[in-house]
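Here the structure comes first, spelled out in structure tokens, and everything after it is commentary.
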Amino acid sequence: MKKNAARRRQKRKKKLMLGAVAGVLVVGALGTTLYFTVLKDVLGGKSNKIVVTDINGSEVSFEPEELAMQIDVPTFYDGITINGVSVGGKTKEEVKAQFASEMNKPVSEVVDVKFQVGNDLIPMGTDGLTLTSDIEEIIDKAYDYGRSSTLPGDEGLKDRYNTINALKKNPIDFVSTYTLDTSAVDNLAHQALDPLEKDVVEAYASSFDLENLAFVIEESQEGFKVDVNKAIADTKERLNNSDYVCVVPVTSETIEPQTSAEFLRNYLCLVSTTTSKTSGNDNRNTNIRLICESIDGLMLQPGESFDFNKHVGQRTEEKGFKMAHGIFNGDMRDELGGGICQANTMLYQSVTKADLQVDERKNHTIPSTYVDKGTDATVTWESPNFRFTNNTEYPVAIHAWYEDQHVTVELYGRPLEDGVTIKLVGELVREIPPTGTTYVADPSLAVGQKQTVTSSRTGYDYKSYKVYYDKDGNEIKKEEYFPSHYPMRNAEVRIGVKGPDGTIYKMDPKTGKVDAPEGITNPPSSSQDGETTPPPPETTPAPPPETTPAPPPENNQGGGENGGGENGGGGEGGA
């Protein structure tokens, strides 16, 4: 019994000792806590912890090092987005890889410009445009958000924590932008818009229909004009304001033609015609016909010129031209193309009566018998030539033909105004009579013989006039035109100076007398003894020209260079 009681007392002592130790420990802990929470403050020292407010509004304390570790993470903070895409928790390298396509994005995926022309949308290309993205700078900026503060020390850490913590309720989106070099816009706008432009096409004559004697008229077409310069300026303004997907209205204009096909069909008509009778020489008439065929149906647009030698070309046998009488240096002889000047003279007169601009004309050296003196026109390869210009605002066409010993040339184009007609008139200025006979000693002829080489011919100076008449036949205007000079010619007689024994005697060039001895008779200057038959006539008479009055002008440009002179015939003219 006594042993059990002793054991119970010993156990109680142990329990009391353990309780005392525990009490000491509790008191020590309370003391430590009291020191850090109360006594330390009382004794003048404060805690190093930073008290912040979390997203739920509760205060939380962190040691500075602990807080710094929490906010200085190597990833983007939650609540950070770039171009609307969350990047929270990702490293900068991961985000750069994520947006790599933005750095090298094709311009065509960013820029989409369309030009609105009326109801049509015309896309502008992008070749040549240079696009630069600032995505790398934006990534750096987004990453750096909340990683610094303007406040010092712990306050800076607390400020950063609050900034980062606020992202959870109010995320921030960082948006990248593009910079576009617009220097290529000018070219791209022209490429898109220039094909829309069309020049207005006035109704015009494309050819002359010889069967119906009418111009073939092509229809007019509307024009279209686009203000490309304004479109360029407007496009650059939109792109410079980062408006990369846009529709740019374009100012345009439809241009109506001023001349209709119907007007030309009703307006253009026969303006003038000239006809003359030819000789009965088949070769000469063949040459005339070939010239007519060469110019028949020829059309000249406004401002175009006709050059006889350039158009017809050199007259050759290969082209079918025949030998026929033509004027060569004031004399008649057979030439290839002899007689073609009669067709050319008909053209000259019709051109004049149509009030077109004559640029070059020259008269023959011998007056032609098929027209009045002063109104002919010669041509020779290569000069003299005949040239004229269509100085009107409308086309001109030639209709020329040979038939039944008549050659006719008509001019079609705009009518002369108010029923006006024009005539070409020659007016004598002076006659130039021969001054005598030219005697030439001929040692091949016996004394007493003579031979007339050329007969004498009277020369003339002529003026010509374009005379304008109103619809009632009253003269209203008279313009001086091309003058003509037809040189006179003395007769040339060859005198025999050869004696019976072969002696050559002198001859007096003024009288034609031969200084021969007694018994050798000088032929008297008026004697026909021993004279050879004179050459045949140089020209073939023809009736005066037949002319048909012409309708109405817009101008009266007539001559170019003045003709005339003594070398006008030469080679291919024909009388």
Side-chain angles (χ1 to χ4, degrees), residues 81-85 95-142 172-206 217-264 301-303 393:
T81 61
I82 296 177
N83 294 340
V85 178
V95 172
K96 284 186 176 180
Q98 180 179 352
F99 287 95
S101 61
E102 293 290 323
M103 300 177 191
N104 302 299
K105 204 163 195 177
V107 181
S108 59
E109 292 185 15
V110 178
V111 178
D112 183 11
V113 176
K114 290 184 174 64
F115 296 112
Q116 183 167 5
V117 183
N119 295 324
D120 298 326
L121 292 178
I122 311 300
M124 185 186 82
T126 57
D127 289 346
L129 293 176
T130 303
L131 189 69
T132 305
S133 173
D134 64 351
I135 186 66
E136 288 194 84
E137 292 83 352
I138 291 300
I139 291 173
D140 290 339
K141 185 177 179 181
I172 294 180
D173 186 31
F174 290 84
V175 180
S176 65
T177 59
Y178 294 98
T179 301
L180 186 68
D181 179 1
T182 59
S183 58
V185 168
D186 296 57
N187 185 48
L188 293 172
H190 277 290
Q191 287 178 8
L193 297 176
D194 284 355
L196 303 180
E197 293 198 315
K198 293 190 299 182
D199 290 333
V200 64
V201 177
E202 303 291 344
Y204 68 99
S206 58
I217 306 298
E218 305 297 333
E219 295 291 340
S220 59
Q221 298 178 27
E222 289 180 338
F224 191 72
K225 181 69 177 175
V226 175
D227 192 343
V228 181
N229 291 332
K230 185 176 185 302
I232 290 171
D234 291 347
T235 302
K236 286 184 176 180
E237 182 179 2
R238 301 284 285 270
L239 295 178
N240 289 333
N241 290 327
S242 300
D243 188 3
Y244 298 134
V245 179
C246 58
V247 174
V248 179
V250 177
T251 302
S252 60
E253 177 187 8
T254 299
I255 305 170
E256 297 295 334
Q258 301 298 309
T259 305
S260 69
E262 182 181 4
F263 167 78
L264 289 181
Q301 296 290 355
E393 297 179 356

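Sequence positions, counted from 1, serve as the residue numbers for this chain. These numbers come from the heavy atoms of this one structure, side chains and all, not from hydrogens, waters or symmetry mates.
For the residue pair M124 and A192, the shortest heavy atom distance occurs at CA-CB, 4.5 Å. Here the closest non-hydrogen pair linking L131 and P106 is CD2-O, 4.5 Å. Of all the heavy atoms in A203 and S220, the pair that sits closest is N-CB, 3.4 Å. A pairwise comparison of heavy atoms in P123 and L121 identifies CD-O, 3.6 Å as the closest pair. Nearest heavy atom pair, residue V247 against residue P249, reads O-CD, 3.5 Å.
Although no hydrogens or angles enter the test, the distance criterion places a donor-acceptor pair under 3.5 Å between the side chain of E202 and the main chain of T259. Put simply, the side chain of E393 never gets that close to the backbone of P302: no donor and acceptor are under 3.5 Å apart. In this structure, the side chain of D227 engages the main chain of K230 through a donor-acceptor pair within 3.5 Å. Judged purely by atom type and a 3.5 angstrom limit, E197 uses its side chain to pair as donor or acceptor with the backbone of V226.
If you take SG on C246 and CG on L239, they are separated by 5.5 Å, rounding to the nearest 0.5 Å. The distance from the CG atom of D173 to the CG atom of N83 is 6.5 Å, given to the nearest 0.5 Å. Atom-to-atom distance recorded for T130:OG1 and L180:CG is 7.5 Å, nearest 0.5 angstrom. Atoms NZ and CD1, on K225 and I255 in that order, are 7.5 Å from each other to the nearest 0.5 Å. Atom OG of S183 is separated from atom CG of L129 by 8.0 Å, given to the nearest 0.5 angstrom. With values rounded to the nearest 0.5 angstrom, F263 atom CZ is found 10.5 Å from I217 atom CD1.
Two residues are said to be in side-chain contact when any heavy atoms from C-beta on lie closer than 4.5 Å; I135 and I82 meet this criterion. A heavy-atom distance below 4.5 Å is not found between the side chains of R238 and D234. You'll find the side chain of V250 stays beyond 4.5 Å of the side chain of V228, heavy atoms only.
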From CA spacing to verdict: side-chain contact (heavy atoms from CB on, under 4.5 Å), K236, D186: CA-CA 9 Å; K236 286 184 176 180; D186 296 57; 2.7 Å; yes

Audit row: L193, L196, side-chain contact (heavy atoms from CB on, under 4.5 Å) steps and yes/no: CA-CA 5 Å; L193 297 176; L196 303 180; 4.0 Å; yes

Worked verdict on L264 versus E218 for side-chain contact (heavy atoms from CB on, under 4.5 Å): CA-CA 10 Å; L264 289 181; E218 305 297 333; over 6 Å; no

Steps toward side-chain contact (heavy atoms from CB on, under 4.5 Å) verdict (I138, F99): CA-CA 11 Å; I138 291 300; F99 287 95; over 6 Å; no

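Counting non-hydrogen atoms of neighbouring residues, nucleotides and ligands closer than 6.0 angstrom, the CD atom of Q301 exceeds 12 such neighbours. Residue-environment remark: CG (N241) exceeds the threshold of 12 foreign heavy atoms within 6.0 Å. E262 CD: 12 or fewer foreign heavy atoms inside a 6.0 Å radius.
Side-chain atoms of Y178 and E102 form a donor-acceptor pair, as typed in the model, at a separation below 3.5 Å. For the residue pair T254/E222, the side-chain donor-acceptor check at 3.5 Å is not satisfied.
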